[in-house]
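Read through the structure below, which is laid out as structure tokens, and then see the notes.
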Amino acid sequence: MTTTVVLVLLALAGGFGVNVVSGMLSQEAQTRLARLPVTLARVARLLVPEDQREQWYRELIAELSYIAKETDGLPVTRLVKGLAFASGATRGAFAIRRSDRASYPAPTARSLPGRWQMWAGQYTGIAIIIAISLGAAQGFALIPDRFAWLLGLLPVTIGIQDLAASVRRPRSGSSPAILVTGLARVTVVSIACGADGITVYPLVFRGSSASTTLVILAVFATLIALSCLARAWLASHDKVAAVVAKRGPQVASAGLIMFGAYACYKTGTHPNKAASGMVAGPVLAVGVAAALFAATSLDSIGILWLLSTAPYSRRRR
Amino acid sequence: MPVRITLKVVSVLSCFLEDPQLPRYGYELTRAAGVSAGTLYPILDRLRKAGWLAAGWEEIDPAKAGRPARRNYRLTDEGLAQAVAVVAGVHARTGPAARRARLPLRPRLAAEP
């Protein structure tokens with residue numbers, strides 16, 4: 001009898017404790033989510049030129065506070081509006097930074113990235129993209145086979161959008177707008193250039209066996225090394241580099257459209273094989289991944305060449 | 001300093017022209033002009049550096065209002081003249097008379113320095 005009472009009391013206490021803790025966790029999650037726009041504002045602050053940072057941050061926080069007041073009692077609306085505004089402002093900060101060339105010091109030997117930083121930054125950036133793609137592939141594997149072909153529409157859409165933008169406003173093949181210095185910035189540029197690949201790599205990894213995945217990763221590692229060597233070669237061939245910088249985004253966009261269309265065809269016409277992946281067999285998977293990486297790496301090669309100083313690169317031959 | 005005029009810049013200038021004396025705020029302009037903050041702030045930065053806009057801060061008591069003062073933007077005299085010319089130029093090239101005359105939207109709506 002005593003044991004039963006004790007067990008009941010323990011169960012009640014445990015249930016109460018679980019409720020309290022889950023309530024606390026929920027409140028913690030809500031508070032942290034609500035602070036996301038402010039975190040983005042802090043990132044945006046670091047992107048603008050140094051003399052504008054405090055003013056920029058003060059302005060963003062004031063606008064976010066106004067949005068919070070306007071959406072009082074509507075936490076989801078507040079989060080959505082706050083995030084939309086803060087993420088837009090972050091993109092705007094980046095654009096302002098690019099346009100403010102005068103705030104950047106002239107490059108010196110110490111400020112430019114060394115070879116090891118270029119190599120390490122590229123590998124780190126691509127490793128992050130691959131990690132995200134592998135995670136996304138696990139999620140894609142849950143999608144029913146008959147709807148798998150829809151996944152191919154995403155890279156097609158992004159590729160068409162990027163191609164239209166690059167044709168309307170082609171990238172200039174000269175005069176870098178900002179300076180890339182240090183391992184962290186090379187990594188960020190690599191991620192930014194290769195991020196479109198996230199729409200296609202999960203489709204390649206989806207349903208691939210462990211051995212196929214390892215082979216694809218080995219191919220990527222080899223291609224990164226080749227792209228680093230190509231960039232070093234381009235450093236002393238400015239005319240070729242300028243063409244690559246100008247046409248790189250268009251090649252990458254065309255690659256996305258082709259592979260997205262191929263993914264739609266492959267998974268749409270072979271629904272029974274969709275579970276085994278977008279490509280039948282490791283050889284084709286390697287070929288598809290390698291060709292896509294080569295297309296998107298042209299863009300990163302071009303932009304990293306643009307963002308280093310061409311005259312200095314010539315001296316670094 | 002020449003300002004590159006795009007349709008989004010024209011949308012932002014039109015918002016200012018609705019009441020040239022009224023100071024406008026960033027978030028409010030994104031809704032009024034129908035542009036994202038990522039598009040708006042570089043436009044405001046370019047217009048401010050070109051001398052078309054002057055920036056200031058909202059005159060409120062943060063303790064009473066329960067929020068900090070926001071940054072506002074207002075057309076300068078030069079900005080007002082340029083904005084009127086730019087928006088009038090767009091209306092001239094896109095209005096019914098222009099459509100009847102089949103005027104092309106090009107040449108570009110670039111403002112002369």
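Every chain is numbered from 1 and lettered A, B, ... according to where its sequence line falls, protein lines coming before strand lines. None of the values given here were measured: they were computed from a predicted structure.
Ion pair Glu70(A)/Arg70(B) not flagged as a salt bridge, since none of the NZ, NE, NH1 or NH2 atoms sits closer than 4.0 Å to an Asp/Glu carboxylate oxygen.
Rounding to the nearest 0.5 angstrom, the gap separating the OG1 atom in Thr90(A) from the OH atom in Tyr41(B) is 11.5 Å. Of the inter-residue distances, the one linking Thr30(B) atom OG1 with Ile67(A) atom CD1 reads 7.5 Å to the nearest 0.5 angstrom. The line from CD of Gln55(A) to CZ of Arg71(B) is 3.5 Å long, rounded to the nearest 0.5 Å.
In this structure, the side chains of Tyr66(A) and Tyr25(B) stay at 4.5 Å or more apart for every pair of heavy atoms. Between Asp45(B) and Gln52(A) there is a side-chain heavy-atom pair separated by less than 4.5 Å.
For Ala55(B), no part lies near chain A; criterion is any non-hydrogen pair under 4.5 Å.
Annotation: maximal heavy-atom pairing with chain B below 4.5 Å, among Arg91(A), Glu63(A), Lys69(A), occurs at Glu63(A).
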Where do Lys81(A) and Tyr27(B) land on the side chain to side chain contact (heavy atoms under 4.5 Å, CB included) test, with the steps shown first?
CA-CA 10 Å; Lys81(A) 287 191 175 181; Tyr27(B) 178 62; 3.3 Å; yes
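For Phe85(A) against Gly26(B), the heavy-atom pair with the smallest separation is CE1-C, 4.5 Å. The two residues Ala62(A) and Pro68(B) come nearest to each other via the heavy atoms CA-CG, 3.8 Å.
Cation-pi check for Arg58(A) over Trp57(B) is met; the charged atom lies under 6.0 angstrom from the ring centroid and within 45 degrees of its normal.
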